Amino acid sequence: MSKWLRLMRTSLLALLVMAPFVIHAAENAEDSAAAGEETVVKVNASAELPKMQKILDKIKGQVSGETNDAQLSQLNEMALELSGNADTLGQALIPQRQQLMAQLAVLGPVPKADSGVKETPEVTRKRNALENQKQKLDEQIKQAEAIKGGSLHLSAQIVSLRRDNLKTQLALNSGSIFGPRFWAPLFGMQQMDGEKLANFRDELTDTVALAWEPGWRLGTMLWLVAAVLIATLGRRYGEEFLAWISINKLPEGRLRRSFLAAAIALTTLVAVVLAFNFLDQAFTRREEVSDDVQSFADRLVQLSLFCGLIAGLGRAFLSTRRPSWRLPAISNEVAQALKPYPPLTALLVFIFQTVEALNTTVGTSVGTTILANGMTALLVGATALSISFRSSRVRRRLVQEGQTPEARSTLVGLVQMSITLIGLAIMLSLIIGYVTLARFLSYELVWLGIVCGAYYFLSHLVSDGCETLLSVNSLTGKRMQTSLNIDERHLSQAAALLSALGKTMLLLFAVVAVLNGTFGTSTPIELLQKAVEFWGGKGLESLNIVPAHLVNALLCMVIGIYVLRAVRRWLDNDFLPKTTMDIGMRVSLVTLFSNIGYVLVILLTLSTMGVQWNKLAWIVSALSVGIGFGLQEIVKNFISGLILLTERPVKVGDLVSISGIEGDIRRINVRATEIQLGDKSTVIVPNSQLISQNVRNATMGNAQGVVTITLTFPLDIDPVQVREILLGVYQENERILDTPEPSVSFKDLTPQGIVLSVTGNVSNQRQIGGVKSDLLFDLLTRLRKEGIVLSRPQTMIIERKNGEVVVKEPQQS
C-alpha cells in the first residue's frame, strides 16, 4: 500500500513539475514575429486535465478504503497539491481566453442579413474557429475549477475522516495495563507476528552482511567510526568551540548566555542527527537493501532529529557544566537533580518509537502494537511525574535546610502543574484501559516540550541578538550609526522593532507547530510550509459553526488577548519610551491600539467560530435599534473617546477645567475620562462632555502660568518706592521668569487708596498656586520691614442719640 502511495506521489510531483505547462508556439508564430508581435504561449490543457481527473479519482478510491492515519495524511497532501495545480492551470488559461475575446472583438459580430454588408468567407471561417476555441477554453476552465473544488472537498473529507478515526481510537478501550489482555503478547506472541519479525530480522541480517562484504567493509568501518566520533568528541569539542566564541568573540551582555544555550542545544542535535545519518550510510548505502529496511532506517534517522532536540534542549535548560551561564532561573541543586532526565527521556522515546516503527514496518498484530504504545505512554508519563515530583522535593529540602530556592514565576508554576496533570492523566488512562489516549497524551506532552523549549531559546537569542548588534556599545552598532548618521535612540527603536518582529514570527511558527503537528508525524520543513500556508489564508475559506470550532475560538480569544497585552506592554515599556513622543501621545497611542486590537480579536474569534459576515444583517439591525434607544449615550461616548485620542484637544497630563472641575487628566478610556483633582480624588467625566462643552486646557501648547497679585495701599505712600519693592520681590523669586519680565500696573485710584497690580510669569500653570503663596509671604515681610502698610477698609458708624440718627464721619477701622 505504501509503495502504491509513493508511486502515486511521484507521478503527481512529476505532473506538478512538468505538466501542465507543455508550451508550444501559436499557429502563426512566424507571421506574428515578422509583424513585430509577441509570440503567444499556450497551455496544453487538453492533455493535462484528464491526467488530473484520473489522479483525483485514484485518490478518492484510495481514501474510501484507507484507515491508517499516516497514509491518509499523505493522501490529503496529494489532494491539496492537486488542487493548487488545477488552480494554476485554470489561471494560465484565462489570458488565452482574453486574447480570443480580443480577436473576436476585432472581427466583430456576424453582419445582419438586411445590413447590406457581406463579409468574406475567410473572415467567417476565422470567427467560427475563434468561437470554437473560446468554447473549448471555457469548458477547460470549468473543468479545472471542478477539479480544484473536488480536491478541496476531498481534503476536507480526509481531515474529517482522520478526526473521526482519532476519536474512535481514543475512545477505544484496549484493556487496563493491570489486566492479562494487555501483557498477553509477551507470553504468547501470535505465530503471524513471530514469522513477520523473523522475516524482518533476516532482512536486517542480510543488510548487515551486505555492508560487511569485502570491498564494502572498509567503508562501513569508517562510517561507524565517524558516527562514534561525532557523537562523542564531535559534540564535546563543538560545544567547547562555540562556548569559546561566545566568551571571546561576542560583546558583553545577555547575548553570550542565550548564544551559549542555543549552541549547547544545536551541537547536541547536530551530533545525534549526524551520527544516525552515518549509521544509515554504513548499512543501507547499497542498492540491494530491501525497501522495508530502507524505510525503517529512514524512520530512525527522522526519529534522531526529535531525540536530539529533547536531549539538546534539556541540556541547554539545565546547563550543569556552566551554572552561572544558565538561562532560566533554576537553582543548581534542582538542575543537578534533573540532569539525568533529558538523555533518559530521549533514550526512552527512541527505544519505543523504534519499536513502533518496527511494528509499522513489519505489520504486527493489534495486540502487539497496543503493548508497544502502552509501554511508551507508561514510561513517558512516569518520567513526567518523576521530573515534577523530584524538582518539588529538592525545593522543599532546600527550604527545610534554610536555603532559598529560585523565585519561580507564575508561568513556570503553571508549566509544572500542567506536566503533573498530564502525567496523571496518562497513568489514569492506562489504568482504565484507554491505551491509545494515553499514547496520544504522552506524544503531545513531548511535542509541546520540544516546541516550547525551542521557542524559549530562539526568542531569547533573537531578542538579545537584536539588542546587542544594534547597540552603540557594539562594533556593528557603532558602524551602523556612523555609516547611516542616525541617533542612538533610532538604533534602540530598530532593535525593539526587529526583536518584536522576530518573536512574532517565532510565536506564529510555534502556534502552527502546536496546532498542526504532533510528535513523530511532522518535520520542521512541513511545519514551515504549514505556517506559510496559514499566513496566506489557506484553510480559512469554509468555516462553519461546529462544536470543535468553539474550542478553537476560545483558544483564539485567549491567545489573542495574551498577545495583545504583550504587545501593549512592549509598546508602553520598551518602544514608545525610546521615541520623542510626550507621555500624553504615548498613552493615547497605546489606548487606541488596545481598542482596535480588542475589536480585531473579537472579529477573529467570531470568524473562527464560523460566523459568516454576509449573514449578520440581523445583528446590524439589532444594533441599529439598540443604538436608537438605549445605546446612543454609550456609542456617543465611544465615538467621542476616539475623537479625543485622534484629534487630541486634551491629552493625558493636561490640566483642564470643565463645569467647575479642575484637575489633571490621568486616563482617557473608551467611555469616560478620569480627571484627578488637587486632593487626589478622581472625577469620571463622560467623553461626550469634553467634546460638546467648553473646556479650558491650561497646559495646551505648553502655556506659561501668570501670577498676578493686586494690593491696595493708602493714598499717602510713595508709589515709586512701592513699585520697586514689588518688582524686587518678584525678581528675587527663582521661579519667576525673566522673559517676559515682571511688571507693576496702576489699576485704580479709589477712596480706599491706590490699587497696584504686580504680574510675573512662571514656566507652567501648575506652579501658579505655590509661587503666589511664596510671593505673598515675601511681599508682606518686605512691606512691613519698610514701614509700608496696606490700606484698611473704611466703615461708617450710625448711632441713635435722643431719638435722632447721627451719622459719624467715615474712618478707617
Side-chain angles (χ1 to χ4, degrees), residues 579-588 644 647-666 668 673-681 683 685 690 693-714 717-750 752-791:
T579 63
T580 57
M581 300 180 187
D582 57 86
I583 181 66
M585 184 64 180
R586 297 204 299 264
V587 174
S588 298
L644 292 177
E647 186 178 336
R648 302 177 74 236
V650 295
K651 60 182 182 296
V652 174
D654 284 353
L655 178 62
V656 298
S657 299
I658 177 174
S659 300
I661 300 172
E662 183 175 22
D664 296 324
I665 294 181
R666 292 305 179 203
I668 301 176
T673 298
E674 301 176 8
I675 299 179
Q676 188 178 36
L677 305 184
D679 59 356
K680 303 303 181 183
S681 62
V683 177
V685 179
L690 295 173
Q693 296 186 11
N694 295 329
V695 181
R696 176 178 175 266
N697 191 338
T699 55
M700 188 173 184
N702 297 322
Q704 294 180 352
V706 180
V707 182
T708 302
I709 299 176
T710 302
L711 300 173
T712 303
F713 296 92
I717 65 166
D718 185 359
V720 178
Q721 180 187 6
V722 174
R723 179 177 182 274
E724 292 177 354
I725 292 174
L726 296 179
L727 288 177
V729 172
Y730 263 70
Q731 291 171 355
E732 290 174 2
N733 193 294
E734 60 182 8
R735 288 189 287 181
I736 295 294
L737 301 177
D738 296 333
T739 303
E741 61 183 5
S743 62
V744 177
S745 301
F746 200 123
K747 300 295 292 184
D748 200 0
L749 182 61
T750 65
Q752 288 78 23
I754 301 173
V755 181
L756 299 179
S757 175
V758 57
T759 301
N761 290 70
V762 291
S763 58
N764 58 72
Q765 296 280 337
R766 292 184 177 86
Q767 296 182 4
I768 294 177
V771 173
K772 189 173 185 178
S773 176
D774 294 342
L775 289 173
L776 284 172
F777 276 108
D778 295 340
L779 283 172
L780 293 177
T781 302
R782 181 72 62 86
L783 291 173
R784 181 169 297 180
K785 182 179 179 181
E786 297 293 336
I788 301 174
V789 297
L790 297 176
S791 177

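The first residue in the sequence is number 1, and the count goes up from there. Treat the numbers as computed from the prediction; the structure is a model and nothing was measured.
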Stepwise side-chain contact (heavy atoms from CB on, under 4.5 Å) test for L775 and V758: CA-CA 11 Å; L775 289 173; V758 57; over 6 Å; no
Any donor-acceptor pair under 3.5 Å from N697 side chain to D654 backbone: no
Atom CZ of R723: over 12 foreign heavy atoms under 6.0 Å: no
L677 backbone acceptor or donor facing S681 side chain under 3.5 Å: no
T759 side chain near S745 side chain, heavy-atom distance below 4.5 Å: no
Interatomic spacing from CD1 in I725 to CG in L756 - rounded to 0.5 Å: 11.0 Å
Over all atoms of both residues, closest heavy-atom pair of N761 and P740: OD1-CG, 3.5 Å
Over all atoms of both residues, closest heavy-atom pair of P719 and I754: CG-CD1, 4.4 Å
Heavy-atom closest contact (V650 atom, I668 atom, distance): O-CD1, 3.9 Å
R784, CZ atom: more than 12 neighbouring heavy atoms under 6.0 Å: no
N733 side, atom CG; D778 side, atom CG - distance, nearest 0.5 Å: 7.0 Å
Rounded distance (nearest 0.5 Å) linking atom OG1 of T710 with atom NZ of K747: 6.5 Å
Euclidean distance, L776 CG relative to L711 CG, rounded to 0.5 Å: 7.5 Å
Within 6.0 angstrom of Q693 CD, more than 12 heavy atoms from elsewhere: yes
Side chain proximity check, L780 to L790, heavy atoms < 4.5 angstrom: yes
Worked check of side-chain contact (heavy atoms from CB on, under 4.5 Å) between V762 and I736: CA-CA 5 Å; V762 291; I736 295 294; 4.0 Å; yes
Whether over 12 other heavy atoms sit under 6.0 Å from Q731 CD: yes
Short side-chain donor-acceptor distance under 3.5 Å, Q767 and R735: no
Whether Y730 side chain and V707 backbone form a donor-acceptor pair below 3.5 Å: yes
Gap separating the CD atom of E786 from the CG atom of D718, nearest 0.5 angstrom: 11.0 Å
Spacing of CG belonging to D748 relative to OG belonging to S757, to within rounding of 0.5 Å: 11.5 Å
More than 12 heavy atoms from other groups under 6.0 Å of CZ on F777: no
Verdict with supporting geometry, I665 and K651, side-chain contact (heavy atoms from CB on, under 4.5 Å): CA-CA 7 Å; I665 294 181; K651 60 182 182 296; over 6 Å; no
